[in-house]
Number of protein chains: 2
Amino acid sequence: MNKIKTYKSDAYAAIHETMAGMYDAGVIDKKTMREFDEACLTPVHAFSATDIKALREREEVSQRVFALYMNVSKDSVSQWERGIKKPAGPTLKLLSLVKQKGLSAIT
Amino acid sequence: MNKIKTYKSDAYAAIHETMAGMYDAGVIDKKTMREFDEACLTPVHAFSATDIKALREREEVSQRVFALYMNVSKDSVSQWERGIKKPAGPTLKLLSLVKQKGLSAIT
DNA sequence: TTGCAATATAGGACTTGGTTCTATATATTC
DNA sequence: GAATATATAGAACCAAGTCCTATATTGCAA
């Protein structure tokens, strides 16, 4: 028998529908679908070298200050923007937060 | 990392908006804004294994869900809490955000 | 009872991000 | 000119994070 799921908010339902669409399209598997459905998190997208540079310049800070916000070295930021190193995991999460909410979100 | 000067983080958000507005209005220049940003960042303190476990349990989520928020694998969270791996850099920044503002701050 | 899913511990092997160092270049400011 | 801030460039090192498997426990449903 099918269980009717109820959602805490319209936003949750909206995200669920988005993720369900990704699942139907084969972009994510069923396990990932359950995880997103449960956690109701916004997906963390990738950042290219130019994306990062554009983001930093949008916030109008130097590499060094940007690095202070992210709690990484200034060299790392330079390497991200030149495509030498590609941020992943927690770093992508921080970049996503900055992109969505601005640097003040991670103060 | 360079040493980060300290100011109270809660006061920062409101002041930052004021300063940003002054910058937009041309009252202060970009250099002053950068220096202000640098001076007002809150320090990122270390997290012990038990600190992380206590933080996660305070937020009442499983290791798996906590990992989703941090955008790391569930194995990583398990290893943090057992002292096998010690989070640093961007990961510490995220943990600090969660400790100060709760999991909803990094949704 | 039996079976299944979720949670968490445990450990091994691998990849690569982040750090640190040095050198170079260009503005800008004193 | 000297000094400072910004950014590129490259090399070497370490460990965080990933992925994999195995084990154990709990709770729930058939």
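- For dG17(D), the OP1/OP2 oxygens have a side-chain nitrogen or oxygen of Thr91(B) closer than 4.0 Å.
- The nearest whole Å value for the distance from the CZ atom in Phe66(B) to the C1' atom in dT7(C) is 16 Å.
- Residues Leu97(B) and Ala105(A) come closest through the heavy atom pair CD2-O, 4.0 Å.
- The distance between atom CD of Glu60(B) and atom C1' of dT7(C), rounded to the nearest whole Å, is 16 Å.
- With sequence neighbours excluded, no residue forms a side chain to side chain contact (heavy atoms under 4.5 Å, CB included) with Glu60(B).
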Pull out every protein N or O sitting under 3.5 Å from an N or O of nucleotides 21-26 of chain C, one pair per line with the distance.
residue: dC21(C); atom: N4; partner: Asp75(A); partner atom: OD1; Å: 3.3

Expected list for residues 43-54 of chain A: side-chain donor-acceptor pairs under 3.5 angstrom, two or more places apart:
residue: Ser48(A); atom: OG; partner: Thr50(A); partner atom: OG1; Å: 3.1
residue: Ser48(A); atom: OG; partner: Asp51(A); partner atom: N; Å: 3.1
residue: Ser48(A); atom: OG; partner: Asp51(A); partner atom: OD1; Å: 3.4
residue: Ser48(A); atom: OG; partner: Asp51(A); partner atom: OD2; Å: 3.0
residue: Asp51(A); atom: OD2; partner: Ser48(A); partner atom: N; Å: 3.0

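- No side-chain heavy atom of Met70(A) sits under 4.5 Å from any side-chain heavy atom of Lys93(B).
- Summary of the strand contacts: Gly89(B) and Lys53(B) both lie near DNA chain C, and taking for each the nucleotide with the nearest heavy atom, the more 5' one is attributed to Lys53(B).
- Summarising the geometry, atom CG belonging to Leu94(B) is positioned 4.0 Å from atom CG belonging to Leu94(A); distances are rounded to the nearest 0.5 Å.
- Taking CD1 of Ile106(B) as the reference point, atom OG of Ser96(A) lies at 11.0 Å (rounded to 0.5 Å).
- Between the two ends of the helix from dT1(C)-dA30(D) to dC30(C)-dG1(D), each summarised by a five-pair axis, the helix axis turns through 40° (rounded to 10 degrees).
- Here the P atom of nucleotide dG17(D) and the NZ atom of Lys93(A) are 15 Å apart, to the nearest Å.
- Between atom CZ of residue Arg56(A) and atom CG of residue Leu103(A) there is a gap of 11.0 Å, rounded to the nearest 0.5 Å.
- Inter-residue side-chain proximity for Tyr69(A) and Val98(A) is flagged as unmet; no heavy-atom pair is nearer than 4.5 Å.
- Summarising the geometry of Val77(A) relative to Val72(A), their closest heavy-atom pair is CG2-CG2, 4.0 Å, with the distance given to 0.1 Å.
- Rounded to whole Å, atom C1' of dT19(C) lies 15 Å from atom CE of Met70(A).
- Atom-to-atom, CZ of Arg64(A) to P of dA5(D) comes out at 8 Å; the value is rounded to the nearest Å.
- Looking at residues 76-88 of chain A, you'll see Ser76(A), Gln79(A), Trp80(A), Lys85(A), Lys86(A), Pro87(A) sit with a heavy atom under 4.0 Å from some atom of DNA chain C.
- One can place CG of Leu92(A) at 15 Å from P of dT16(C), the figure rounded to the nearest angstrom.
- Arg58(A) places a side-chain N or O within 3.5 Å of a backbone atom of Lys99(A) that can act as its donor or acceptor partner.
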List the atom pairs, donor and acceptor, that lie under 3.5 Å between side-chain atoms in residues 82-92 of chain B and the rest of the protein, sequence neighbours left out.
residue: Arg82(B); atom: NE; partner: Ser78(B); partner atom: O; Å: 3.3
residue: Arg82(B); atom: NE; partner: Ser78(B); partner atom: OG; Å: 3.2
residue: Arg82(B); atom: NH2; partner: Ser78(B); partner atom: OG; Å: 3.1

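- The side chain of Arg56(A) places an N or O atom within less than 4.0 Å of a non-bridging phosphate oxygen (OP1 or OP2) of dA7(D).
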